[in-house]
Amino acid sequence: MEFAPVDYVVEGYIAEGLTILAGRPKLGKSWMALGFCIAVATGGQTLGVDCEQGDVLYLALEDNRRRLKDRLEVVLSPAQVRPNMARLSLRTQSKKIGAGLIEELDAWRSKAANPKLIVIDTLSMVRPPKKANQDSYAADYDAISPLQKYAGEHRLAVIVVHHVRKAEAEDPLEAVSGTNGLTGAADTIMVLNRTTDGPKLYGRGRDIEEIEKALRFDKGTWEVLGNAEEVKQSEQRRKILDILTDATTVLTPDEIGKQAGMKVNNVNYLLRALVKAGAVEKVGYGQYKIQGR
């Protein structure tokens with residue numbers, strides 16, 4: 001059998017199928033979802049990626065129309081250069097899964113010229129009630145599997161905005177609120193999180209490569225700074241260079257680590273890279289200074 005290649009709505013981030021976008025409250029999940037919607041509806045850019053234009057349905061179910069308008073005015077400022085938003089449909093109410101939601105989505109799809117993206121913000125507003133004697137895994141799987149099936153049948157990208165647990169998790173996927181039934185049913189999982197190094201977006205899916213991006217949020221828009229580990233190392237390198245620049249004597253990795261708040265192993269690794277790059281000079285055993293000073 002031959003199959004058409006996977007359609008990416010946001011290259012490297014959002015492919016056809018069901019995506020869960022999870023994150024802590026007030027962190028900016030809805031701003032990111034709105035950014036996806038506007039970029040696709042206008043053929044614009046989001047997270048540094050140019051998007052192919054298509055029709056978009058955004059169910060902003062935790063917003064009222066006034067708040068939604070306020071969000072759009074922030075993102076689409078200034079008014080003089082706003083793109084044509086005719087291909088973005090906005091709704092603040094919908095039915096639940098199993099009680100008319102799929103039919104609502106299909107009614108929109110059948111009328112749209114080129115339907116590409118549906119965003120449901122949030123899952124809690126559309127998930128059906130748990131059945132009597134139903135275990136939690138089955139309840140979670142049954143809650144979103146109809147959306148995953150619908151997205152696959154019609155080659156649409158469907159994003160469901162969700163929350164993460166309060167407890168920290170080693171694997172970002174384990175941070176998604178609920179059981180593995182949710183992450184198992186979805187095609188892609190995206191987790192928006194804030195660490196001591198700043199905001200990050202982690203993604204893993206059947207049709208996207210695993211990603212971990214460092215982000216910046218400005219005026220309602222998320223921007224990608226680069227791969228999270230590379231950005232972290234770049235910032236740590238700058239910190240080491242600043243400390244050595246201000247130092248009046250040579251410093252050891254231990255001394256640099258204490259001033260920078262970094263583990264000595266990380267300091268040693270970055271010092272070797274800085275010496276190789278010619279920015280730092282090693283003086284004797286385990287002592288460093290800025291090159292040329």
Does CZ belonging to Arg65 count more than 12 external heavy atoms closer than 6.0 Å? no
To the nearest 0.5 Å, atom CG of Leu76 lies from atom OG1 of Thr221 at 9.0 Å
With heavy-atom distances below 4.5 Å as the criterion, would you say the side chains of Thr46 and Tyr13 are in contact? no
Would you say that Met190 contacts Lys29 through its side chain, given a criterion of any heavy-atom pair below 4.5 Å between the two side chains? no
What one should report as the nearest heavy-atom pair of Leu156 and Pro115 is CD2-O, 3.3 Å
Determine the minimum heavy-atom distance between Pro25 and His163, stating which atoms define it. CG-ND1, 4.5 Å
Heavy atoms of other groups near Arg155 CZ, more than 12 under 6.0 Å: yes
Side chain to side chain, Ile189 and Leu182, heavy atoms closer than 4.5 Å: no
Do Ile256 and Val264 belong together in a cluster built from hydrophobic side chains that touch within less than 4.5 Å? no
Tyr202, Phe217: one ILVMFWY side-chain cluster at the under-4.5 Å cut-off? no
Co-membership, hydrophobic cluster, residues Leu57 and Trp31, 4.5 Å side-chain: no
Of all the heavy-atom pairs spanning Glu62 and Arg67, show the shortest one and how long it is. O-NH1, 3.1 Å
Glu11 side chain vs Tyr8 backbone, donor-acceptor pair below 3.5 Å: no
Of all heavy-atom pairs between Ala15 and Ala157, which one has the smallest distance, and what is that distance? O-CB, 3.6 Å
So Asn114 and Arg87, do their side chains get closer than 4.5 Å, heavy atoms only? yes
Around atom CD of Glu210, are there more than 12 heavy atoms from other residues, nucleotides or ligands closer than 6.0 Å? yes
Measure the shortest side-chain to side-chain distance between Met125 and Leu59 over non-hydrogen atoms and say whether it is less than 4.5 angstrom. no
Taking atom NZ of Lys130 as the centre, does the number of heavy atoms from other residues, nucleotides or ligands within less than 6.0 Å exceed 12? yes
Could you tell me whether the side chains of Tyr58 and Asp121 share a donor-acceptor contact shorter than 3.5 Å? yes
Common cluster, Met32/Leu123, ILVMFWY with side-chain heavy-atom separation under 4.5 Å: no
How close do Val161 and Ala33 get, heavy atom to heavy atom, and via which atoms? CG2-CB, 4.1 Å
If you measure from CG on Leu34 to CZ on Arg71, what distance do you get to the nearest 0.5 Å? 7.5 Å
Non-hydrogen side-chain atoms of Lys149 and Glu153 separated by less than 4.5 Å: yes
What are the two closest non-hydrogen atoms of Ile97 and Pro146, and how far apart are they? CG2-CG, 3.8 Å
Just wondering, do Phe36 and Val56 contact through their side chains at under 4.5 Å, heavy atoms? no
For Lys96, is the NZ atom crowded, meaning more than 12 foreign heavy atoms sit under 6.0 Å from it? yes
Counting only heavy atoms not in Arg66, do more than 12 sit closer than 6.0 Å to its CZ atom? no
Salt-bridge test for Arg109 and Asp55: reply yes if a basic N is under 4.0 Å from a carboxylate O, no otherwise. no
Beyond-backbone contact of Val49 with Val224, side-chain heavy atoms, under 4.5 angstrom: no
Does Tyr137, at its OH atom, have more than 12 non-hydrogen atoms belonging to other residues, nucleotides or ligands within less than 6.0 Å? yes
Check the hydrophobic clustering (I, L, V, M, F, W, Y; side-chain heavy atoms under 4.5 Å; chains of links allowed) and say if Leu90 and Leu21 are grouped together. yes
Is the shortest side-chain N to carboxylate O distance from Lys239 to Asp242 below 4.0 Å? no
Gap separating the OG1 atom of Thr183 from the CZ atom of Arg204, nearest 0.5 angstrom: 9.5 Å
